[in-house]
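The structure appears right after this line, and notes come after that.
Residue numbers start from 1 in every chain, and the chains themselves are labelled A, B, ... in the order their sequence lines are given, proteins ahead of strands. Quick caveat: nothing in here was measured; it's all calculated off a predicted structure.
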Amino acid sequence: MRIIIAGAGDVGFHLAKLLAYEEQDIILIDKDANTLKQASQNLDVGTIKGSSTSYKILDEAGIQNADLLIAVTSSEETNLTTAIIGKYLGAKRTVARIENVEYLLNKEKLDLKELGIDEIISPESLAAKEIKRLLKEIALTDTFDFDEGKLSLIGVNVDGNSPIAGKTLIETAHLNPNHNFVTVAILRNNETIIPRGETAFMQGDHAYFITQPDGVDRVLSLSGKRKQGVKNIMILGGSKVGFHAAKRLSRKFNVKLIESNKEKCFEFADQLKNVMVINGDGRDVDLLEEEGIQEMDAFIAVTGNSETNIISCLVAKNHDVKKTVSLVENIDYIHLSQNIGVDTMINKKLIAANFIFRYIRQGDVINLTSIHGVDAEILEFIVKAESKITEKMVRDMEFPKEAIIGGVVRNGVGYTAMGDFQFRPKDRVVVLCRPQCIHAVESYFM
Amino acid sequence: MRFNLRLIGNILGLLLFLNGSFILLCIPFSIYYNEPWLPILASGLITSAAGAVLWYLTKKNKNKELRKKDGYLIVTLGWFFMSLFGTLPFVLSGAIPDFTDAFFETISGFTTTGASILTDIESTPKGILFWRSLTQWIGGMGIIVLAVAILPLLGIGGMQLFIAEAPGISPDKMKPRIKDVAKRLWLIYLGLTFAETLLLMAGGMTFFDSINHGLTTMATGGFSTKNASVAHYDSAYIQYVIIAFMFLAGTNFTITYYGLKGKFRKVWENEEFRMYIIIVSLLAVIISFFVFSHDWAGFEKSFRDSLFQVVSVITTTGYVTADYTTWAPFVTIIFFLLMFLGASAGSTAGGIKVVRHTLLFKNSFLEMKRQLHPSAVIPVRLNNSAVSRDITYNVLAFVMIYLLTFSVGVFLISFTGEDFNTTLGAVATTLGNIGPGLGEVGPVNNFASITPFGKWVLSFLMLLGRLELFTVLILFNPNFWKKY
């Protein structure tokens, strides 16, 4: 597949990295020579220096034979123009990154497909969605639902209170006679482990499970956590992410938003009906205390400055806020989150890159998600009659070591896939695997 | 900054010419009822001629630019001169020989107040009565809004004049050009007046009475052609028709426009309109319950009388079907307070207006919240969007100045020797452009007994109320006259 990526910023770079694992022909276009140099040194991609809206440059990139054109420069106008021109010149599919969410909300009235843009993404809006997802259950560090909650992926921290600390997976299975969850990944010291039966949980681990709906409580009790809902949320920073997050969250929770720019505050107060907008500096601890940071269930720091976000999350942790989420610009910081005490760090460009990656995989894979900090992808497949694994049992199928089957949704009911589970056509299978072996895993479902 | 005197004179001339033409419209009634029509013809010609001369003398103005200051001056002077020339039919025909009385009656008409000094309305010539009703109709929507609508030359400066004459919290413009807005406003106004006239005739009123009541209802004026006002017509149909049209006249005309175009969502989303309906229905029910329990004539009649009086006072019309001051002291207090309410902004009603009260009420409530969260940004929300601080301040100032003007007015009128009730009632009712007050100027009495000094003060208050204070008071601010 020939894929052209316009814009070698963080989104473009991360996307190129994800796609390069798949052995695709990737061409990066950017105006900045240094960025391109860095990309070509680290990734197996082709690069062209120039403007992505120029005919000559697109022609040089082989737009006529391109299967996909992804415009993810920092300028919305450039992206839209690139996608439109690219489609006209022969690209099969186009994706453009936008900032104005109006395009997302008025899809029926403003049909961008007609103009030649097949998919639009807004990193800010995606990040806000992500934040909302993260706050579903405070005791969990991460949750993701498959098939409307028939199966869920959940993450927990293993600490001294957890009964499972020090136990192997086999021992844990004895504590869970119903077998309603499966351990799919463990994040230990920035390293992702795909666990086997003899792997043991250690204190400080970050463990991920695929569970049936009734398994969530069991996981919580085995990891020594109490179930807790969210009620009060404080958002620091009136960035676009902050705005979208406040808008989404204020439908269900009490939200306070702190922003230092007075005019911006008024604008937000105008548009966010149920949010209390506070004008002040988020680094001012007195202000945070005055506004009741100790009463908050969650603290979300989304200012434009990563360091401010991280530090203010630490301040929140210090005031017993149970859940902290910090937006960071620097992707390398994400792995630090557990070590320094911020519950979750998110990067909007990473989220955007993953979203596009999922879009590209559409067709073979029906759903795909990735977990913050974990070097693995969660995929969802449908078993076909002619698939390799049809009618086979889990233990007989010689699945790659770098992948693990989490569960199956059959006729609207979620099951955890134990060794004697037999696949049937139309089953929806949730798999966790490392990026390198996505192709290998896919072949089982062809 | 200098005033554009030539242009000001030119526009004033046009306004007077229009005014004179309106006076001539009364002649057919005089002829039909066999009354002397010469005085009316003379008044019309004098007014039009004065206007034409003024217009001709100032015709050669190169500078067509109209600034804010010019706008305020034109509107205030325009209203003053119109009232001045408007007295001519009264004085020349001998219907109201005294100039002070005539001026009071005229300005009470133009400002749509409806406070009258005529003791026997029914014996006054019909042509004169028609002029009396017509003054209210002209003043209701505003002659300058009319001028903007029909005269091409006011195209550019029209907005300045429009704002000065129809002030308040600016409604969303229904059309991009001010001329089109003014045209639509007048068309709705004309259409509704016509509709009411037909409906009243269908109820058995004579054509003359129907058209007069139509003119003064839509203007929320309240001049009637009968001594007993609307109580003269003991017909439920007629009274309900008038209630409905008073209510419409007190509704923002932009809202009526959307209603006529079928955009009912937009109508219902308007917070002021909702509040207006709630206040009217709530008060009508409470008062009718009270009136009924004190053995009034039957439930329907109690309800109708209560609703009629509530709508009449809230919309600042001032028609009377029952004397609310005789019901009970607490009902009198309710009506006194209602004089400060006013109907919707952008309607022909006077007073403080529901939207300002809503804003103030919300702001006062939120002020407590602001004390608790000093750094929070908590704007007042109206129609689902935040109201800027500037507007809130402006409304605060308006209400403050309104109450201050009321106090000063009460103080001045107290010198005329009127009793406490009469003084408060007279000032509140003229400032709010309502009509009937309390005590000696209550619903069944009139203003004839007030001293000339009192009449001049009240006349000034009426003008202040109609032009919503700022437009007139700004002329008394030294900064207005500074050249730099």
Side-chain angles (χ1 to χ4, degrees), chain A residues 102 105 232-239 242-243 246-247 249-251 253-296 299-301 303 308 312 315-316 319, chain B residues 168-173 252 254 258 261-263 265-275 278 345 354-398:
Chain A
E102 277 180 334
L105 299 175
N232 303 319
I233 299 170
M234 188 179 274
I235 299 176
L236 178 65
S239 57
F243 176 77
K247 198 166 181 180
L249 293 169
S250 64
R251 289 182 204 135
F253 310 113
N254 301 326
V255 178
K256 274 187 185 176
L257 189 145
I258 302 177
E259 160 64 38
S260 53
N261 182 319
K262 190 133 199 184
E263 270 103 71
K264 240 181 177 178
C265 279
F266 186 82
E267 209 174 293
F268 285 178
D270 182 11
Q271 291 175 39
L272 302 167
K273 202 176 167 187
N274 301 318
V275 176
M276 184 186 276
V277 183
I278 314 273
N279 179 232
D281 189 336
R283 287 168 296 189
D284 180 354
V285 179
D286 282 343
L287 176 80
L288 296 180
E289 283 172 353
E290 179 92 8
E291 293 303 334
I293 191 169
Q294 54 286 346
E295 309 296 326
M296 294 295 155
F299 184 87
I300 297 159
T303 67
T308 304
S312 55
V315 170
H319 283 82
Chain B
I169 299 165
S170 65
D172 52 340
K173 275 169 93 179
N252 189 333
T254 312
Y258 287 133
K261 289 205 93 182
K263 296 180 183 170
R265 249 185 91 89
K266 231 168 171 159
V267 174
W268 189 244
E269 272 169 6
N270 186 287
E271 218 172 316
E272 184 183 27
F273 184 63
R274 287 203 306 258
M275 281 303 292
I278 291 168
V354 173
V355 67
R356 290 200 178 93
H357 287 288
T358 314
L359 200 74
L360 273 190
F361 189 79
K362 283 186 174 180
N363 188 53
S364 312
F365 182 75
L366 291 176
E367 195 59 40
M368 324 259 175
K369 197 173 170 189
R370 291 192 190 114
Q371 299 287 330
L372 290 174
H373 300 277
S375 36
V377 177
I378 307 172
V380 183
R381 303 185 73 85
L382 204 68
N383 297 332
N384 259 328
S385 58
V387 176
S388 83
R389 268 206 112 87
D390 294 350
I391 292 180
T392 313
Y393 278 136
N394 179 283
V395 170
L396 275 170
F398 179 85

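A:R283 places no side-chain N or O within 3.5 Å of a backbone atom of A:T308 that could act as its donor or acceptor partner. The backbone N or O of A:N232 lies less than 3.5 Å from no partner atom in the side chain of A:N254, so there is not a single donor-acceptor pair.
Heavy-atom distances place the side chain of A:L287, and not its backbone, under 4.5 Å from chain B. Of the two parts of A:E267, neither the backbone nor the side chain holds a non-hydrogen atom closer than 4.5 Å to a non-hydrogen atom of chain B. Using a 4.5 Å cut-off between heavy atoms, A:E291 touches chain B through its side chain atoms alone.
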Practice prompt. Could you walk me through whether A:F243 and A:Q271 pass the side chain to side chain contact (heavy atoms under 4.5 Å, CB included) test, one step at a time?
Written response: CA-CA 9 Å; A:F243 176 77; A:Q271 291 175 39; 3.3 Å; yes

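A salt bridge links B:E367 with B:R370: the distance from a Lys NZ or Arg NE/NH1/NH2 to an Asp or Glu carboxylate oxygen falls below 4.0 Å.
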